[in-house]
Structure formats: C-alpha cells, structure tokens
Amino acid sequence: MKAYRQGDVSIMAVNRVPKQARKVRGELVLARGEVTGHAHRIVEGQAFLYRLATGILYLRVLSEFAKLYHEEHGDILLPKGEYEIRRQREFDWRKTGRDEGGLRYVTD
Amino acid sequence: MSQTKKYRGMLTSSALGEHRDRWERIALSTNPANRSEIESNVGEFYRDTLKCDPPKCVWVDSPRQANRARKGLAYDWDAGKIIDNRLNDASVKLQTHAAARLLGRALAEVHHPLYSDRRSRSPFWDVTQYGVNRHLRSYAFLDFFVTKIGLFKSLKPWLTVLSGCGGFWFHKGTIVLLDTPEILRADDQHRLHCEGGPAFRYRDGLEYYFLHGIKVPRKYVFAETNEIGMTEVLQERNAEVRLALISKVGFSRLLGTVRHWTISEAHGNSLIEFRIKGVQFLRALHVRWQDKTGQKETVIPVPSRRSEFGADCPEDIDDCEQVRRWTLGWPKEAMAVVET
C-alpha cells in the first residue's frame with residue numbers, strides 16, 4: 001500500500017473510493033489549517049474529492065498526475081488512482097476517558 | 001527599436017529594486033493615512049474613470065469601527081466589481097509587455113503580512129477583501145507601468161488610494177476607508193511576528209499577537225521564556241501554536257523543565273517519556289523536519305499504554321517509528337513513497 005505524506009496529511013492509495021461517498025464540490029482542499037489558513041490542495045491535474053457521511057475524505061486522480069500543494073511543505077505528485085485522506089492524530093492526555101475518546105486529530 | 005531596448009534604461013536592477021523597496025515599505029507602513037490626499041484621489045477616480053459622483057468618505061480606525069460605520073449602508077457591488085475589473089484587465093494586458101518578466105521577477109518576493117492570513121475566520125478577513133493587502137504584488141506591478149512608463153494613467157488615483165490606506169468598503173454614495181495600522185511587525189519572511197508585544201494594532205487599540213505568522217494568545221507573547229514549561233506546551237491543543245511556542249522557547253530548554261527520558265530514536269525523531277505532576281507519565285514524539293520556511297520541530301503527545309492506542313495499536317509501542325506511523329494512521333503494510 002503506497003502512502004504519501006504532506007505535513008499532517010497522509011494520502012493512502014486504496015483500491016476504490018466507496019460507493020457511498022459523495023462528491024465534494026468546490027476547491028480540492030484536503031485539509032486547511034485553522035490558525036494559518038494554509039491548505040493542502042490539488043492545484044494541477046484532474047481530480048475529484050469525495051466524502052463519506054463519517055467525514056472520511058477520498059481523492060480520485062483522473063489525470064496522469066495531480067499536484068498536491070501546501071504553502072509550507074514540498075509539492076507531491078500523486079499518480080492516477082484512488083486515495084484515502086488521513087489526518088495525523090495525537091493523544092489528548094487531558095481527557096478523562098482513557099480509550100479511543102482520548103485521541104484527536106492534529107489541528108493547526 | 002525593439003520594446004526591450006526602449007525600456008532598458010528603466011529596467012535597471014537599481015530601478016527595479018527601488019520600486020520593490022517602495023512597495024515593501026507600503027506593505028509595512030504604519031504612517032497615518034494622508035486623508036485629504038486619498039479623498040481627493042477617490043473623488044478624481046470616481047469622476048474620471050467611473051463617471052459618477054464622488055462618494056462621501058468615512059474614515060475608520062479598525063474593522064470594528066467599520067462595522068459600526070457601515071450599519072444601514074447598502075453595499076455597492078458594482079463599484080467594487082468595476083474597479084477590480086479595471087485593475088485585472090490592465091494587469092492581463094501588461095503581462096505581454098517587454099518589461100513584464102523582469103518586473104515580475106523583481107517583485108516575486110513582495111508580500112503583505114496580512115494577506116497570508118486570509119482564512120475566513122481571520123481577524124483580517126474583512127480587510128483582505130479589498131485594499132492594498134489583497135494583491136500587493138499585482139498593484140506594485142501595475143504601479144510601475146503607470147508611474148514609470150506612463151501606461152494606464154487613469155489608474156493612478158486609485159493606486160494612490162490603495163497604497164495609502166489600510167482597506168476600504170464600497171457603499172452606495174459612501175466609501176468607508178480604513179486608516180493604516182498603528183503597529184505592524186513582521187519577520188524576515190513577511191509573516192506577522194513580535195516576541196515582546198502585539199504584532200498588529202489598529203489605531204483604536206484593537207491588537208493581535210503573532211509568532212512567525214501564527215496567531216497566539218497574549219499570555220504566550222508576554223511570558224518570559226523561563227515561564228513556559230514543557231507541560232504548558234504539551235497542554236496546547238493547537239499544533240501550530242505549539243510549534244510557535246517551541247520555536248520561541250527552544251526545545252532543549254523546554255526539556256530541562258521536566259523530568260524525561262528517551263525511549264527510542266529513529267530518523268532524527270525520538271519517542272520521549274515525561275514525568276508530569278498529576279499525570280504521572282506522558283509520552284510524546286519529538287519530530288523534526290525541514291519545510292519551505294526552514295527547520296522545524298514539535299512534540300506530538302502519544303499514548304503510553306496499549307489500551308490507549310485503540311484497534312490499530314503498533315506491535316511495539318516503544319518503537320519511535322512505529323508510533324510515528326500510528327499517528328499518521330498508516331497500517332503496517334503502508335510503504336512511504338514521499339514525505340514532505
């Protein structure tokens with residue numbers, strides 16, 4: 001399984017985008033920083049973004065390559081294929097329930 | 001005579017550098033706006049270019065005051081759109097000009113510190129809709145042709161308005177003009193930054209604190225470096241603010257504020273266990289990387305017990321690389337192709 005990482009965003013190659021996932025309209029932004037406003041976005045190539053009701057994002061790259069850009073991190077060329085987008089997670093040690101509830105996605 | 005030869009005298013590196021410096025000064029200017037000059041230029045532009053009566057000029061010191069001043073006024077979408085189109089059309093036409101490439105290269109590094117913070121929840125969202133910070137580089141580009149080469153002279157009054165005030169809002173019969181900020185401090189990469197006070201303050205006292213472009217709470221800016229400890233850093237929920245704190249205090253000094261030991265290391269990263277009052281043991285990944293803005297490092301809190309990792313717990317929770325892959329949500333079989 002091929003994995004790409006740009007900062008706190010991982011792009012994992014998957015066999016196919018789930019059928020239940022709905023196409024996301026507008027800009028192809030995989031994640032956006034709350035504080036800086038910087039975003040991981042597709043700036044070149046043909047691609048579509050899909051979202052499951054649970055919030056998981058998928059990317060379908062139709063052109064030979066799609067360029068993933070971010071203001072601070074290096075560019076990544078994603079080859080044609082289907083991908084799942086994952087955010088980096090961390091442990092929320094101040095939460096009292098020390099189970100899955102103690103995990104959170106890295107917010108920037 | 002070819003176009004390039006004709007403009008060679010104007011396109012010397014010193015002339016281009018001077019023009020770039022002028023616009024960099026405009027970007028960081030805290031001189032109060034010359035209100036009468038700007039008002040007369042607004043009037044001239046409306047009369048001569050938009051062919052309509054000059055609007056009433058209302059000055060405000062901050063977007064907060066602007067909100068009050070704009071209450072009950074109808075927005076004039078047409079004026080904004082027409083002016084934007086005029087500026088865009090001129091820019092597009094000038095792209096093929098012989099001087100465009102050299103000038104574009106000279107202005108490549110010109111940025112406005114506010115425009116890099118243009119997210120919708122930014123305190124500067126309003127003022128980045130119109131005003132000099134919106135397209136500083138392209139205004140600087142246009143200004144060279146208008147003032148030095150004498151093309152698109154009709155835009156001159158508007159460029160004076162753009163470079164002289166902090167922003168504006170178009171309303172029917174009225175234009176609300178924002179004065180320049182009282183304080184605007186930036187680092188060498190044009191990001192808002194000040195370690196000992198507000199990085200940005202409007203003339204009515206509304207102020208914001210930033211460390212290397214990251215908006216941080218006031219307490220972090222005024223705290224002496226010896227008042228910030230590792231516990232405080234690990235408590236900070238926002239990864240960017242955490243990173244700014246680490247860059248302010250220094251990671252090695254932070255490590256000195258708490259008992260700790262390194263469990264494992266891999267590829268320049270390390271898995272560290274901290275002894276923190278009231279929590280006992282807490283683990284965090286210390287990760288280092290290089291990006292477009294330089295060398296960076298931060299800490300990512302991670303679980304210290306298998307039960308806390310969840311269903312995809314790594315085989316060895318003491319292995320730095322396995323824990324790092326777990327934070328990324330990578331399964332065992334994932335093969336890293338590119339990491340930036």
Side-chain angles (χ1 to χ4, degrees), chain A residues 1-14 27 29 31-41 56-57 65 67-79 81 83-108, chain B residues 116-122 124-125 191 210 213-216 234-235 237-244 276 279 281-285 287 289-294 296 298-305 307-311 324-340:
Chain A
M1 182 189 276
K2 286 183 178 173
Y4 302 79
R5 182 176 69 83
Q6 190 181 53
D8 56 357
V9 169
S10 291
I11 304 103
M12 316 275 305
V14 290
E27 266 191 304
V29 172
R32 192 187 293 275
E34 253 180 54
V35 171
T36 55
H38 294 168
H40 303 266
R41 71 182 85 208
I56 299 173
L57 279 177
F65 286 99
K67 190 191 206 174
L68 179 62
Y69 169 85
H70 186 270
E71 284 81 350
E72 288 170 15
H73 301 283
D75 299 340
I76 292 180
L77 286 178
L78 295 168
Y83 302 90
E84 184 183 323
I85 314 302
R86 293 187 183 181
R87 294 293 302 267
Q88 193 165 22
R89 57 190 164 172
E90 62 185 19
F91 183 56
D92 189 352
W93 55 281
R94 289 182 306 168
K95 275 204 171 172
T96 45
R98 289 198 148 217
D99 50 10
E100 280 273 9
L103 304 180
R104 66 174 181 227
Y105 290 106
V106 171
T107 52
D108 57 13
Chain B
S116 62
D117 189 43
R118 60 185 182 278
R119 72 209 148 82
S120 56
R121 271 182 280 173
S122 155
F124 309 116
W125 171 247
R191 298 173 297 186
F210 282 81
I214 295 162
K215 188 168 171 278
V216 295
L234 289 169
Q235 268 177 348
R237 290 181 71 90
N238 189 286
E240 288 288 355
V241 177
R242 208 182 301 150
L243 194 131
I276 287 176
V279 189
F281 299 107
L282 177 72
R283 286 187 179 188
L285 272 177
V287 285
W289 73 97
Q290 171 87 34
D291 66 20
K292 289 176 191 167
T293 57
K296 290 195 175 155
T298 193
V299 282
I300 301 171
V302 293
S304 48
R305 288 184 292 189
S307 60
E308 293 164 344
F309 276 93
R324 188 186 76 91
R325 288 170 69 98
W326 172 86
T327 66
L328 297 168
W330 288 5
K332 237 186 327 184
E333 62 275 19
M335 187 183 70
V337 182
V338 185
E339 292 194 58
T340 64

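Please read all numbers here as calculations on a predicted model, not as lab measurements. Throughout, a chain's letter reflects where its sequence line sits, starting with A, and its residues are numbered from 1.
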Comparing B:A334, B:A336, B:P303 against chain A, the one with the most heavy-atom pairs below 4.5 Å turns out to be B:P303

For B:W330 and A:R5 the tightest heavy-atom approach is CZ2-CB, 3.8 Å

Cut-off 4.5 Å, heavy atoms of chain A, and the answer for B:Q235 is both

ring-ring contact (aromatic ring centres under 6.0 Å, His included) filter on B:W326, not counting sequence neighbours, yields B:F309

Derivation of the salt bridge (charged side-chain N to carboxylate O under 4.0 Å, His left out) call for A:E27 and A:R41: CA-CA 8 Å; A:E27 266 191 304; A:R41 71 182 85 208; 2.7 Å; yes

Report task. Apply side chain to side chain donor-acceptor pair (under 3.5 Å) to the pair A:H70 and B:D291, showing each step before the final yes or no. Result -> CA-CA 10 Å; A:H70 186 270; B:D291 66 20; over 6 Å; no

From the list B:L234, B:V287, B:L243, B:I276, the residue making the most non-hydrogen contacts under 4.5 Å with chain A is B:L234

